[in-house]
Amino acid sequence: LAHIVEQYPGLTLHNRVAILVPDVDFRTTYVAELQKVLNRKNPQGQQFCIKDTCDALAYVSGAAGGDEWSLICDALDQFDGIERMFVILVNLDQKIDDQNSAQLHVVRSMLYRGIT
């Protein structure tokens with residue numbers, strides 16, 4: 001996030017960034033840790049509210065609360081067909097030894113869906 005803020009000074013990131021993770025179970029753990037990091041060290045002192053895809057899509061333009069920016073963090077399968085200006089994929093880079101495994105095809109599909 002700090003890199004995005006640095007590269008696009010003055011651009012509000014409210015509801016423009018999606019952090020996509022492999023599944024809902026991973027999201028639960030990741031959001032707790034992400035919130036701790038954002039509370040401790042956040043770009044330009046900005047406050048972030050982490051939302052899932054459904055809550056973020058319920059946002060009405062102009063209805064943002066104060067100086068808080070919404071940040072989407074959700075499982076990739078909850079985000080299919082949705083677009084945001086910036087998308088960050090997390091935990092999809094594990095080593096898969098068997099190049100013919102079903103897991104490899106699933107991860108490749110997730111990467112493709114995440115970047116498109």
Side-chain angles (χ1 to χ4, degrees):
L1 291 176
H3 179 73
I4 294 171
V5 169
E6 181 182 305
Q7 293 298 309
Y8 301 93
L11 177 67
T12 176
L13 298 183
H14 176 64
N15 219 9
R16 290 185 171 160
V17 178
I19 299 174
L20 304 180
V21 298
D23 55 51
V24 175
D25 291 335
F26 184 87
R27 180 196 184 276
T28 302
T29 305
Y30 185 75
V31 164
E33 292 303 314
L34 178 61
Q35 191 64 65
K36 287 179 192 175
V37 171
L38 291 174
N39 288 342
R40 209 173 56 240
K41 179 182 179 186
N42 52 17
Q44 298 179 344
Q46 186 61 51
Q47 299 243 338
F48 286 93
C49 174
I50 301 172
K51 297 184 176 190
D52 64 23
T53 304
C54 289
D55 288 342
L57 292 175
Y59 166 76
V60 177
S61 182
D67 295 325
E68 196 172 71
W69 287 351
S70 292
L71 173 69
I72 299 170
C73 183
D74 213 343
L76 195 131
D77 64 346
Q78 300 297 310
F79 199 77
D80 276 348
I82 313 297
E83 295 180 356
R84 284 297 177 261
M85 185 177 290
F86 302 100
V87 177
I88 301 166
L89 303 175
V90 174
N91 204 40
L92 294 175
D93 58 349
Q94 302 124 6
K95 182 179 180 184
I96 300 172
D97 292 323
D98 182 1
Q99 295 299 307
N100 294 318
S101 74
Q103 182 186 11
L104 177 66
H105 298 295
V106 168
V107 170
R108 283 183 178 169
S109 171
M110 292 173 81
L111 286 168
Y112 177 77
R113 288 182 300 160
I115 63 174
T116 58

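Note that the structure is a prediction, hence the values are computed from the model and not measured.
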_T53 and its side chain to side chain donor-acceptor pair (under 3.5 Å) partner, picked from D77, D80, D74_ =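 So, applying the side chain to side chain donor-acceptor pair (under 3.5 Å) to T53 and each of D77, D80, D74, only D74 qualifies.
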_Take a 6.0 Å sphere around OH of Y8 and say whether it holds more than 12 heavy atoms from other residues, nucleotides or ligands._
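Counting other residues, nucleotides and ligands, OH of Y8 stays at 12 neighbours or fewer.
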*asked:* Using the salt bridge (charged side-chain N to carboxylate O under 4.0 Å, His left out) criterion, which residues pair with E83? Sequence neighbours excluded.
replied: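 Partners of E83 by the salt bridge (charged side-chain N to carboxylate O under 4.0 Å, His left out) criterion come out as none, since no residue qualifies.
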*Who pairs with D25 by salt bridge (charged side-chain N to carboxylate O under 4.0 Å, His left out), at least two apart in sequence or on another chain?*
none
*Write down the atom of V90, the atom of P22, and the distance for their closest heavy-atom approach.*
O-CD, 3.3 Å
*Work out which heavy atom in V31 is nearest to a heavy atom in C73; give both atom names and the distance.*
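Shortest heavy-atom contact: CG2-SG, 3.8 Å.
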I need the [X] [atom1] to [Y] [atom2] distance, nearest 0.5 Å.
{"X": "Q35", "Y": "C49", "atom1": "CD", "atom2": "SG", "answer": "7.5 Å"}
{"X": "I19", "Y": "L34", "atom1": "CD1", "atom2": "CG", "answer": "5.0 Å"}
{"X": "I72", "Y": "F86", "atom1": "CD1", "atom2": "CZ", "answer": "13.0 Å"}
{"X": "D23", "Y": "Q78", "atom1": "CG", "atom2": "CD", "answer": "10.5 Å"}
{"X": "L71", "Y": "R16", "atom1": "CG", "atom2": "CZ", "answer": "13.5 Å"}

Side chains of [X] and [Y] in contact at under 4.5 Å (non-hydrogen atoms):
{"X": "M85", "Y": "L11", "value": "yes"}
{"X": "F48", "Y": "L1", "value": "yes"}
{"X": "W69", "Y": "V17", "value": "no"}
{"X": "R27", "Y": "D52", "value": "yes"}
{"X": "V21", "Y": "N91", "value": "no"}

*State plainly whether one hydrophobic cluster holds both F26 and I50, where clusters connect Ile, Leu, Val, Met, Phe, Trp and Tyr through side-chain heavy atoms under 4.5 angstrom apart.*
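Yes, one cluster joins them.
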_Exactly one of L76, I82, L20 should register a side-chain contact (heavy atoms from CB on, under 4.5 Å) with V87. Which one does?_
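Per the side-chain contact (heavy atoms from CB on, under 4.5 Å) rule, the option paired with V87 is L20, out of L76, I82, L20.
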*asked:* Run the side-chain contact (heavy atoms from CB on, under 4.5 Å) test on N15 and R84 for me, step by step, so that the C-alpha distance in whole Å, both residues' side-chain angles and the decisive distance to 0.1 Å come before the verdict.
replied: CA-CA 8 Å; N15 219 9; R84 284 297 177 261; 3.8 Å; yes
